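Here the structure is a predicted model, which is why all the values come from computation and not from measurement. Sequential numbering from 1 along the given sequence is applied to the chain's residues. Reckoned from all heavy atoms, side chains included, excluding hydrogens, waters and symmetry mates.
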Amino acid sequence: MDYTLNCKGRLVDLSEPLVMGIVNATPDSFYADSRQQTEQQVAVRTRQILDEGAAIVDVGACSTRPDSTPVDEAEEMERLRMALTAVRREALEAVVSVDTFRPDVARMAVEEYGVDIINDVGGPVDVQLSAVSVQREMFRMVSLLRVPYIYMSRKATMREILLDGAEVVDILRSMGQKDIVLDPGFGFGKTLEQNYIVLSQLERMQMMGVPILVGVSRKSMVCRLLGIRQEEALNGTSVLHTKALLGGANILRVHDVRQAVECVKIVRQIENSKLVN
């Protein structure tokens with residue numbers, strides 16, 4: 001299916017998969033080479049992301065890796081203000097998403113810096129709980145802000161992810177939220193084997209009727225399987241990106257933009273070649 005995201009009147013076309021480049025304004029993100037802690041570092045990273053072909057710049061200021069302890073809201077806002085100032089100065093017209101699970105941080109980013117998309121990777125800490133019971137305030141906030149919203153599921157199986165996503169989409173629609181993206185949440189609430197099972201079944205998510213975002217870049221599902229470090233995980237990441245694209249992913253959230261853009265081009269050529277008699 002062909003989708004668009006309405007970013008304050010500007011339509012972002014998802015008829016072909018897009019790449020979202022990561023800016024980590026944190027000292028503790030799981031991949032050390034992705035950390036940008038000064039305005040100059042953020043500006044350089046932003047320009048690299050756009051020059052290498054990404055359509056979206058995703059800025060995060062609070063590590064959400066499974067074993068991390070989140071900084072408080074004030075610290076997250078301070079880091080984000082530094083980073084977003086640099087991003088907007090370097091690329092005023094760029095489509096920018098903010099990675100946060102806090103409603104007031106989302107509001108600040110949209111109202112003060114014109115952020116286009118909220119990427120919520122928070123999810124329930126207790127995966128047995130309904131997302132609605134934990135994240136209702138974020139749902140209300142994004143529906144009021146009228147920006148596209150990315151919801152990440154921490155459920156372990158594709159069946160649970162689909163049920164979780166259906167509940168979230170239904171609630172968000174009832175609140176007037178129009179643009180919703182679902183992320184199956186690789187690396188969150190899943191064993192190594194479950195991550196690969198979900199990836200193998202990714203095409204099932206197309207029945208949800210909303211775009212799909214996949215974030216597997218240099219994650220432990222690559223490193224643990226191959227017995228390597230994050231710094232060595234680019235090749236494995238590209239393999240997973242290719243599989244995700246063949247499974248219907250609309251957005252890839254990545255550290256290595258150029259290589260992900262190449263994956264998109266190659267898979268697109270493969271898919272187009274199927275149409276030739």
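- Judged purely by atom type and a 3.5 angstrom limit, Gln41 uses its side chain to pair as donor or acceptor with the backbone of Thr38.
- Side chain of Ser220 to backbone of Cys223: no donor-acceptor contact under 3.5 angstrom is found.
- Using modelled atom types, no side-chain atom of Arg45 and backbone atom of Val23 make a donor-acceptor pair closer than 3.5 Å.
- Considering CG of Leu252 and CD1 of Ile56, their distance stands at 10.5 Å, rounded to 0.5 Å.
- In the hydrophobic cluster analysis, where Ile, Leu, Val, Met, Phe, Trp and Tyr join through side-chain heavy atoms closer than 4.5 angstrom, Leu144 is grouped apart from Met138.
- Surrounding NZ of Lys8 are more than 12 heavy atoms belonging to other residues, nucleotides or ligands, all under 6.0 Å away.
- Met20 has its side chain out of reach of Val254: every pair of non-hydrogen atoms, C-beta onward, lies at least 4.5 Å apart.
- Closest of all the heavy-atom pairs between Val264 and Pro17 is CG1-O, 3.7 Å.
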**OP:** Could you give me the CA-CA distance, side-chain angles and deciding distance for Leu240 and Lys219, then say whether side chain to side chain contact (heavy atoms under 4.5 Å, CB included) is met?
**Re:** CA-CA 10 Å; Leu240 297 190; Lys219 285 190 174 179; over 6 Å; no

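- Using a 3.5 Å distance cut-off with no hydrogens or angles, the side chains of Tyr151 and Asp164 do pair a donor with an acceptor.
- A donor atom on one side chain and an acceptor atom on the other are not found under 3.5 Å apart for Gln194 and Thr157.
- Between Cys7 and Pro148, the shortest heavy-atom contact is SG-CG, 4.1 Å.
- Side-chain atoms of Phe101 and Val121, non-hydrogen and from C-beta on, never get closer than 4.5 Å to each other.
- By the 4.5 Å heavy-atom criterion applied to side chains, Asp116 and Ser97 are not counted as neighbours.
- No continuous path of ILVMFWY side-chain contacts below 4.5 Å connects Leu11 to Val110, so the two sit in separate hydrophobic clusters.
- Residues Asp183 and Arg253 are not paired through a salt bridge, judged by the lack of any N-O separation under 4.0 Å between the basic side chain and the carboxylate.
- Atom CD of Glu75 sits in a crowded spot, with more than 12 heavy atoms from other residues, nucleotides or ligands closer than 6.0 Å.
- Tracing side-chain contacts under 4.5 Å through hydrophobic residues (I, L, V, M, F, W, Y), one reaches Leu192 starting from Ile228; they form part of the same cluster.
- Proximity of a side-chain donor or acceptor of Asn195 to a complementary backbone N or O of Gly187 within less than 3.5 Å is detected.
- The structure places CD of Glu160 at 8.0 Å from OG of Ser153, a figure rounded to the nearest 0.5 Å.
- Summarising the geometry, atom CD belonging to Gln230 is positioned 9.5 Å from atom CD belonging to Glu232; distances are rounded to the nearest 0.5 Å.
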Subject >> side chain to side chain contact (heavy atoms under 4.5 Å, CB included) between Glu76 and Asp72, worked out >> reply: CA-CA 6 Å; Glu76 184 183 4; Asp72 63 27; over 6 Å; no

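- Atom CD1 of Ile212 and atom CZ of Arg204 lie 12.0 Å apart (nearest 0.5 Å).
- Connection of Leu225 to Phe186 is established within a shared hydrophobic cluster, with ILVMFWY side chains joined at heavy-atom distances below 4.5 Å, either directly or through further cluster members.
- When all heavy atoms of Val42 and Met82 are compared, the pair lying nearest together is CG2-SD, 4.1 Å.
- In this model, no donor atom of one side chain and acceptor atom of the other lie less than 3.5 Å apart for Thr4 and Asp13.
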Enumerate donor-acceptor pairs with a distance under 3.5 Å from any side-chain N or O in residues 173-182 to protein atoms, sequence neighbours excluded.
from	atom 1	to	atom 2	distance (Å)
Arg173	NH1	Gln177	O	3.3
Arg173	NH1	Lys178	O	2.5
Ser174	OG	Ile171	O	2.6
Gln177	NE2	Val147	O	2.8
Gln177	NE2	Asp179	O	3.0
Asp179	OD2	Asn6	N	3.0

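- The two atoms that bring Pro184 and Ile161 nearest to each other are O-CD1, 3.7 Å, heavy atoms only.
- At least one donor-acceptor pair under 3.5 Å links the side chain of Lys190 to the backbone N or O of Gly185.
- Smallest separation of non-hydrogen atoms from Val98 and Ala109: CG2-CB, 3.9 Å.
- Looking at heavy atoms from C-beta onward, Cys62 lies out of side-chain contact with Thr100 at the 4.5 angstrom threshold.
- With respect to Glu271 and Arg268, no salt bridge is recorded, no charged nitrogen being found less than 4.0 Å from a carboxylate O.
- In the hydrophobic clustering of ILVMFWY residues, with side-chain heavy atoms under 4.5 Å counting as a link, Val59 and Leu92 come out apart.
- To the nearest 0.5 Å, the span separating CD1 on Ile251 from CG on Leu18 amounts to 6.0 Å.
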Original post:
Checking side chain to side chain contact (heavy atoms under 4.5 Å, CB included) for the pair Val96/Ile117: CA distance, chi angles, key distance, verdict?
Top reply: CA-CA 6 Å; Val96 178; Ile117 301 167; over 6 Å; no

Original post:
Would Glu231 and Arg218 count as a salt bridge (charged side-chain N to carboxylate O under 4.0 Å, His left out) if you check the C-alpha gap in whole Å, the side-chain angles of each, and the deciding distance to 0.1 Å?
Top reply: CA-CA 8 Å; Glu231 292 78 8; Arg218 296 183 182 265; over 6 Å; no

Original post:
Step by step, would you call Ile118 with Ile150 a side chain to side chain contact (heavy atoms under 4.5 Å, CB included)?
Top reply: CA-CA 6 Å; Ile118 296 301; Ile150 301 168; over 6 Å; no

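- Atom CD1 of Ile49 and atom CZ of Arg258 lie 14.5 Å apart (nearest 0.5 Å).
- At a threshold of 4.5 Å between non-hydrogen side-chain atoms, the residues Val95 and Val57 do not count as touching.
- Closest non-hydrogen pair, Met141 versus Pro103, comes out as CG-O, 3.5 Å.
- Under a cut-off of 6.0 angstrom, the local environment of CZ in Arg10 is crowded, with over 12 non-hydrogen atoms contributed by other residues, nucleotides or ligands.
- In this structure, Gln201 contributes its side chain and Arg159 its backbone to no donor-acceptor pair below 3.5 Å.
- Residues Met158 and Ile197 have side chains not in contact (no heavy-atom distance under 4.5 Å, counting atoms from C-beta outward).
- Checked for salt-bridge contact, Arg154 and Asp120 miss the test: no charged N lies under 4.0 Å from a carboxylate O.
- Annotation: side chain of Asn24 is in contact with side chain of Ile22 (closest heavy-atom distance under 4.5 Å).
- Annotation: Asn235, atom CG; neighbour count of heavy atoms from other residues, nucleotides and ligands within 6.0 Å does not exceed 12.
- Side-chain atoms of Thr85 and Tyr113, non-hydrogen and from C-beta on, do get closer than 4.5 Å to each other.
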